[in-house]
Amino acid sequence: MQTRKGIPVSPGIAIAPALVIDAEDQAVPRRTVPASRTKAEHQRVNDALKASAKELEDIRQQTAATLGEELARIFSFHIGMLEDPTLVDQFHAQVDTYQVTAEFAVHSVFQKWVDSFAAHPDPFFRDRGLDIQDLRRRVLRQLIGGGLSAIANLSRPAAVIAHDLTPSQTANLDRSLIKALAIDAGGQTSHTAILAHALGIPAIVGLGDIARRTSTGDNLVIDGDRGLVIIDPDAATLLDYRQQARSQRQRAESYRSLKNEPAETRDGTRVSLQANIEFPSEIPPALELGAEGVGLYRTEYVYLANDTAPTEDEQYDTYVAAIRALDGKPLTLRTIDLGADKMPAGIDAILDRTERNPFLGCRSIRLCLQNLELFRTQLRAVLRAAAHGPIKIMFPLISNIMELRQAKMVLDDVREDLEDQGVSVPDNIPVGMMIEVPSAAIQAHAFAKETDFFSIGTNDLIQYTVAVDRGNEHIASLYSAAHPAVISLIKEVVRVAKRSDTPVSLCGEMASLPEFTMLLLGLGLRNFSITPPAIPLTKQIIRSVSLQQCQRVARRVAGLDSQKDIANTLKEELRKAVPDAVQARTA
Ligand code: PEP
Ligand code: MG
């Protein structure tokens, strides 16, 4: 039995066999093949090399166009290596001599090169070792990226183990068979983590080397409350976890019975609980869990889920499906928030995959304002869909007032065009913005004059306030909603919103974490948009506390200046106020 600890991002316990689906950066297992298969393995090597060279050629052309031929030359060198017949011969010889799979042959030949370059005294050659490492990853991704097809062919429940998954890969996981997710990379609010939470399965990220330590078929316990993966658990551990899983199921059932009860504190303060979604298909289960509407629809997922860019009509159909599923309940559509860790295949021409600092780069509203065709196409679809039900439009990542003005101007222009074409558009659509950049939080008073509502996006607000990449597992302990600077910004935005009569909600993952509910209520927030599986527990907490209690918690926290003290205080307060709601994750 071995235990590994990571960052818990979706609670619950799963006991299931492992399905290891990723091989990047992990030791590729040595698997032999019968002599009759070696020719087929040669072909797999050739195909993977060809596909990798094609990928590199695309990157080379993009680099040449944006940065010039000189810099693009490095990719010509890489392509040349992949096409070098001596290298291809080495891969084939490895397959023939040891009767191993294409991936093992590629891995071991490249590894020898990497090792010899790494030992070289000249830094120039040591750097070439990094290039080869990169080529090795690229070719392996071609060969074992197909590991994802193992998911498609899955016939039994399994816990997915991977080095990393993109948000779109995670979004495509089949929830009926995937019982848990454990991955090496990522932080608490990486988009992969958010999606795993939305799937409602236990999930752990930032495990570092779980994909290397686990083999497909290993028995696993995934403890999404404490962030533990237990490989080959002993009988006593298994028994204990089976009991815990049973009592969690019972507790979840009892929370679900709250579906039709209002989210109201003991002293009668009404709170609105809406859902964060990525796809319209998440709406019926969210309503089942008690969602009062959708407070954040991440519309970029229609791009992430497809290999080609969706047309205006396809986007329109998707939005209408969401509006219909809500049957009159409100829907806040956030305009496309692509870039950084959300890089779909379909708009390669406008995405710069080589950006040095993509979270500070051309993402989100910036990408839209620099690519008006993309933006206008979406806005046309949104405004056409608005005829079918109550929607609000929200712009992401606004960092200065000019961006808000420009985005609203584009929206007005699209509306005029539609009306000129005889399409009627409701004229009372609220237009709001996310507050997820410190500059917007600090300047909220100015934004309040030009926006219909605010939604605080703490996932990004935290990363930009404390300068910690939300998806980087190596610095994940520095990323915390309990940081006093983050809490101050939220407090300020709520204060400005109240004074200016601007409706404000909070849609970051912070609102889904039980230990923050009382603080947020105490700070004055009354609208939360959260991942659907978190709705029942959040409602249970709200119904168990009084506003006075929450205000006292907020005052207590205001007197603390370290995130550790604040986090501990919040856990302690929750434990005192709602002992039943304290899950193992906060214990
Ligand atoms: C946020 O940043 O808090 C947010 C809700 O948006 P996303 O997680 O999609 O970046
Ligand atoms: Mg965000």
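All ligand and atom numbering here is 1-based and tracks the order in the structure.
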ask   = Quick check: does N459 get an N/O under 3.5 Å from an N/O on ligand 1?
value = yes
Pair K408 + E450: basic N to acidic O under 4.0 Å: no
Salt bridge between D341 and R470, side-chain N to carboxylate O under 4.0 Å? no
In this structure, atom 7 (P) of ligand 1 is nearest to the protein heavy atom H191 NE2, 3.3 Å
If we number the atoms of ligand 1 from 1 as shown, the ones under 4.0 Å from a heavy atom of G508 are 3 (O)
Per-atom filter on ligand 1: closer than 4.0 angstrom to a heavy atom of K342 are 9 (O)
Between E261 and R543, does any side-chain N to carboxylate O distance fall below 4.0 Å? yes
| task | Decide whether S500 and T502 meet the rule of one side-chain donor and one side-chain acceptor closer than 3.5 Å. | result | yes
| field | Lys/Arg-Asp/Glu bridge criterion (N-O < 4.0 Å) met for E492, R495 | value | yes
of all protein heavy atoms, closest to atom 9 (O) of ligand 1 is R298 NE, 2.7 Å
For residues Y479 and T189, is any side-chain donor paired with an opposing acceptor at under 3.5 Å? yes
*asked:* Does any N or O of ligand 1 fall below 3.5 Å from an N or O anywhere on L461, backbone included?
replied: no
Quick note on ligand 1: atoms under 4.0 Å from a heavy atom of I194 include exactly 8 (O)
Exercise for review: In plain terms, say whether K571 and E515 are close enough for a salt bridge, that is, a side-chain N and a carboxylate O under 4.0 Å apart.
Suggested key: no
Using a strict cut-off of less than 4.0 Å between a Lys/Arg side-chain nitrogen and an Asp/Glu carboxylate oxygen, indicate whether D337 and R363 qualify as a salt bridge.
-> yes
Closest heavy-atom approach to atom 8 (O) of ligand 1 among R470, E509, R363, R334 is made by R470
Review point. Is the cationic atom of K392 (NZ for Lys, CZ for Arg) positioned less than 6.0 Å from the six-membered ring centroid of F453 and within 45 degrees of its normal?
Key: yes
Any heavy atom of L296 under 4.0 Å from ligand 1? The part involved is side chain
Taken by chain and residue number, the protein N/O/S atoms under 2.8 Å from the Mg ion (ligand 2) read E436 OE1, D460 OD2
Notebook entry, point to check: Is there side-chain contact between Q378 and T335, with at least one heavy-atom pair below 4.5 Å?
Noted result: yes
